[in-house]
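Structure in structure tokens, see below.
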Protein chains: 2
Amino acid sequence: MRTFETVLAQIEQRIAADGLTVGDRLPGERQLAEQLGVSRSSVREALRVLETLGVVSSQVGRGPDAGAVLISRPDGTLADLLRLNLGLTTMSAREVLDTRLMIERWSAARVTSAPAAMTEALAAMDTAASPEEFVTHDVAFHVALTDAAGNRLLSAVLRALRDALVSNAVEAVRRLGHTGDLQADHRRIHAAIEAGDAAEAVEAVTAHLARAYPGLSLTQNVF
Amino acid sequence: MRTFETVLAQIEQRIAADGLTVGDRLPGERQLAEQLGVSRSSVREALRVLETLGVVSSQVGRGPDAGAVLISRPDGTLADLLRLNLGLTTMSAREVLDTRLMIERWSAARVTSAPAAMTEALAAMDTAASPEEFVTHDVAFHVALTDAAGNRLLSAVLRALRDALVSNAVEAVRRLGHTGDLQADHRRIHAAIEAGDAAEAVEAVTAHLARAYPGLSLTQNVF
DNA sequence: GAAAGGTGTATGGTCTGACCATATTTGGTC
DNA sequence: GACCAAATATGGTCAGACCATACACCTTTC
């Protein structure tokens with residue numbers, strides 16, 4: 001086992017043993033190296049891994065906020081993971097969009113009151129001057145819906161897909177040639193959620209995505 | 001921006017520009033450092049990030065297989081991500097199990113023929129001598145089902161949940177006190193898939209998970 | 001005594017150069 | 001041709017140095 005991997009294991013074990021949680025600080029790189037009997041390089045490689053996994057954040061300087069602080073931000077990692085692996089393999093747009101459909105249907109069924117971010121995104125889309133601006137708020141609308149469902153794991157997955165969603169959505173808007181139908185869908189979704197009608201909300205989300213991505217329509221009603 | 005981050009960006013850009021794919025090799029650490037005008041340490045930190053993301057694998061020695069080779073293995077990263085972030089935050093078992101239920105219902109609806117791995121796991125459970133052995137094959141059964149649905153993104157998510165699933169399942173078996181009902185559920189799922197009855201398969205998966213995890217039963221039929 | 005400013009210092013970030021372990025390549029020997 | 005030993009390229013690790021940053025502390029000033 002490589003040195004930095006043992007360092008990784010020991011840091012992880014230490015986090016569990018000491019009951020460290022978000023906001024707590026790890027010892028400095030030099031101190032950690034001395035404690036574990038390894039070089040600072042190996043400690044740094046281990047910290048780089050933890051940083052990549054969204055578990056620590058390193059701050060330079062001095063004071064209470066400096067050093068390696070425990071965080072919990074899996075979003076960025078998931079996004080990197082997807083972007084890099086999508087580029088390397090032949091993961092299809094279909095797989096991404098199916099996942100999106102599944103998460104959003106699930107969310108629509110559970111959210112009983114539209115969050116502020118959703119209502120704001122809806123209004124912002126009305127005044128969007130370009131497809132890009134419209135899509136920005138469009139994606140924010142859907143992310144807000146999913147966040148409101150309260151499952152952080154699924155929220156993180158959808159947020160990781162964000163970049164892919166944006167490019168897909170821009171394509172869809174250009175293909176449709178206008179945003180009126182999409183915005184009407186959004187209002188229907190919003191209204192169904194505010195009314196607490198889960199079945200209608202699910203149906204509205206499904207219809208919306210079917211309109212934007214016709215290729216999905218084959219399997220959407222199997223549930 | 002830190003040096004290793006620019007290295008990261010340049011490597012990623014290079015992968016895209018040169019059309020590198022799985023199996024191709026990156027230049028050696030020393031050569032990369034010289035080309036980019038940075039130290040080997042910075043290159044190594046960047047490679048460590050890529051390795052964490054499941055994009056490269058480093059082999060020591062000499063020859064065609066040595067050096068940093070492009071791969072695409074997001075599973076391990078996702079598992080690390082979940083394990084570490086589950087430990088740090090209060091992500092609940094409910095969130096994990098809801099996600100599992102969603103993915104398995106989706107999969108059950110799409111798989112029209114039971115894969116060999118699923119049939120084998122079913123048989124293996126019959127002869128399992130301990131709860132741990134039973135659960136090993138149990139999880140393999142469910143993972144095989146999801147793999148067969150053909151969405152690698154969802155497969156990767158479920159595989160990342162594997163460790164959490166195992167401990168949950170062991171708990172469930174102990175609570176039930178026997179495995180007969182669970183195995184009967186498995187046969188029902190298997191039969192429904194072999195019969196091509198999607199609705200029955202979804203219902204069977206739902207009933208199975210509801211039996212194993214009673215706390216889930218509230219929202220399972222909202223779809 | 002309080003405010004302002006300068007200095008000290010602990011932190012991560014980077015670089016250099018060296019050595020080690022490993023695995024292939026190369027070339028010599030029988 | 002087969003076998004074995006040396007050379008070599010690779011990642012892995014270490015030690016030590018220096019830099020930039022940002023807070024801590026002390027001195028000066030009013």
Side-chain angles (χ1 to χ4, degrees), chain A residues 1-12 14-15 18 20 22-71 73 76-77 80, chain B residues 1-12 14-15 18 20 22-71 73 76-77 80:
Chain A
M1 182 180 280
R2 293 176 288 185
T3 304
F4 84 88
E5 290 175 312
T6 72
V7 173
L8 213 40
Q10 299 214 42
I11 292 179
E12 189 177 344
R14 184 180 188 135
I15 290 174
D18 296 358
L20 300 183
V22 172
D24 291 337
R25 284 177 56 186
L26 256 41
E29 295 179 356
R30 293 168 179 84
Q31 187 179 343
L32 219 38
E34 192 185 1
Q35 287 178 8
L36 301 177
V38 302
S39 72
R40 202 180 146 206
S41 322
S42 296
V43 170
R44 279 184 64 80
E45 293 196 13
L47 289 175
R48 200 59 65 223
V49 171
L50 291 176
E51 188 178 314
T52 303
L53 291 171
V55 171
V56 309
S57 167
S58 293
Q59 316 294 336
V60 300
R62 180 176 168 163
D65 291 342
V69 181
L70 287 180
I71 58 175
R73 305 193 165 284
T77 306
D80 290 343
Chain B
M1 183 181 279
R2 292 176 289 184
T3 304
F4 84 89
E5 290 175 313
T6 71
V7 172
L8 213 40
Q10 299 214 42
I11 292 179
E12 188 177 346
R14 185 180 187 135
I15 290 174
D18 295 0
L20 299 183
V22 172
D24 292 338
R25 282 177 58 187
L26 257 40
E29 296 179 356
R30 293 168 179 83
Q31 188 179 342
L32 218 38
E34 192 185 2
Q35 287 178 7
L36 302 177
V38 301
S39 73
R40 202 180 145 205
S41 324
S42 297
V43 170
R44 278 184 63 80
E45 294 196 13
L47 288 175
R48 199 60 64 223
V49 171
L50 290 176
E51 188 178 315
T52 303
L53 291 172
V55 171
V56 309
S57 167
S58 292
Q59 318 293 335
V60 299
R62 180 176 166 162
D65 291 343
V69 180
L70 286 180
I71 59 175
R73 303 183 46 85
T77 307
D80 290 343

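Convention: sequence-line order gives letters A, B, ...; per-chain numbering from 1. Keep in mind that the numbers below use all heavy atoms, side chains included, and drop hydrogens, waters and symmetry copies.
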Exercise. Figure out the CD/C1' separation between A:Gln31 and C:dA10, and round it to whole Å.
Key: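 Going from CD in A:Gln31 over to C1' in C:dA10 covers 11 Å.
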Quiz item: Hey, does the side chain of A:Arg25 reach the backbone of A:Ala66 with a donor-acceptor pair shorter than 3.5 angstrom?
Solution: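 Present.
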Quiz prompt | Those residues of residues 3-12 of chain A lying under 4.0 Å from DNA chain C by at least one heavy atom | solution =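 Hits under 4.0 Å, by residue number: none.
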Quiz item: Mind checking what makes side-chain contact (heavy atoms from CB on, under 4.5 Å) contact with A:Arg14, not counting sequence neighbours?
Solution: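 Once residues adjacent in sequence are excluded, the partners of A:Arg14 under the side-chain contact (heavy atoms from CB on, under 4.5 Å) criterion are A:Asp18, A:Pro27, A:Leu32, A:Gln35.
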Self-check item: Donor-acceptor pair between B:Glu5 and B:Thr3 side chains, under 3.5 angstrom
Solution: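 No, B:Thr3 and B:Glu5 have no side-chain donor paired with an acceptor closer than 3.5 Å.
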Practice problem: State the CG-OG distance between B:Leu26 and B:Ser58, to the nearest 0.5 angstrom. | Solution: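 So the CG of B:Leu26 and the OG of B:Ser58 are separated by 9.0 Å.
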Exercise. Rounded off to whole Å, could you give me the CZ-to-P distance for the B:Arg25 and D:dT10 pair?
Key: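 Rounded to whole Å, this separation is 7 Å.
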Quiz item: Would you say A:Ile15 and A:Leu70 make side-chain contact, with heavy atoms under 4.5 Å?
Solution: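 When only atoms from C-beta onward are counted, A:Leu70 and A:Ile15 do touch, with a gap below 4.5 Å.
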Quiz item: For the side chain of A:Thr77 and the backbone of A:Thr52, is there at least one donor-acceptor N/O pair under 3.5 Å apart?
Solution: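 Checking the backbone N and O of A:Thr52 against the side chain of A:Thr77, a donor-acceptor pair under 3.5 Å is found.
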Practice problem: May I ask you to list the residues of residues 32-53 of chain B, by number, that have any heavy atom positioned under 4.0 Å from an atom of DNA chain D? | Solution: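 Listed by number, they are B:Arg40, B:Arg44, B:Arg48.
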Self-check item: Closest-nucleotide ordering on DNA chain D, the 5'-leading residue of B:Val60 and A:Arg30
Solution: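 Upstream on the strand: B:Val60.
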Practice problem: May I have all residue pairs that pass salt bridge (Lys or Arg N to Asp or Glu O under 4.0 Å) and include part of residues 47-58 of chain A, sequence neighbours excluded? | Solution: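 Sorted result for residues 47-58 of chain A: A:Arg48-A:Glu51, A:Arg48-B:Glu45, A:Glu51-B:Arg2.
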Close N/O contacts between protein and nucleotides 24-27 of chain C (under 3.5 Å):
| unit_1 | atom_1 | unit_2 | atom_2 | d |
| --- | --- | --- | --- | --- |
| C:dT24 | O4' | B:Arg62 | O | 2.8 |

Quiz item: Between CG of B:Leu47 and CG of B:Leu8, what distance do you get to the nearest 0.5 Å?
Solution: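 The CG atom of B:Leu47 sits 9.0 Å away from the CG atom of B:Leu8.
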Quiz item: Considering residues at least two apart in sequence or located in another chain, which fulfil the salt bridge (charged side-chain N to carboxylate O under 4.0 Å, His left out) criterion with A:Glu12?
Solution: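 A:Glu12 satisfies salt bridge (charged side-chain N to carboxylate O under 4.0 Å, His left out) with B:Arg83 once adjacent residues are dropped.
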Exercise. Using atom CZ of B:Arg2 as one end and atom P of C:dG13 as the other, report the distance to the nearest whole Å.
Key: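 Taking CZ of B:Arg2 and P of C:dG13, I get 5 Å after rounding.
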Quiz item: Below 4.5 Å, heavy atoms only, C-beta onward: do B:Val69 and B:Val22 meet side chain to side chain?
Solution: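 No, every pair of side-chain atoms sits at 4.5 Å or beyond.
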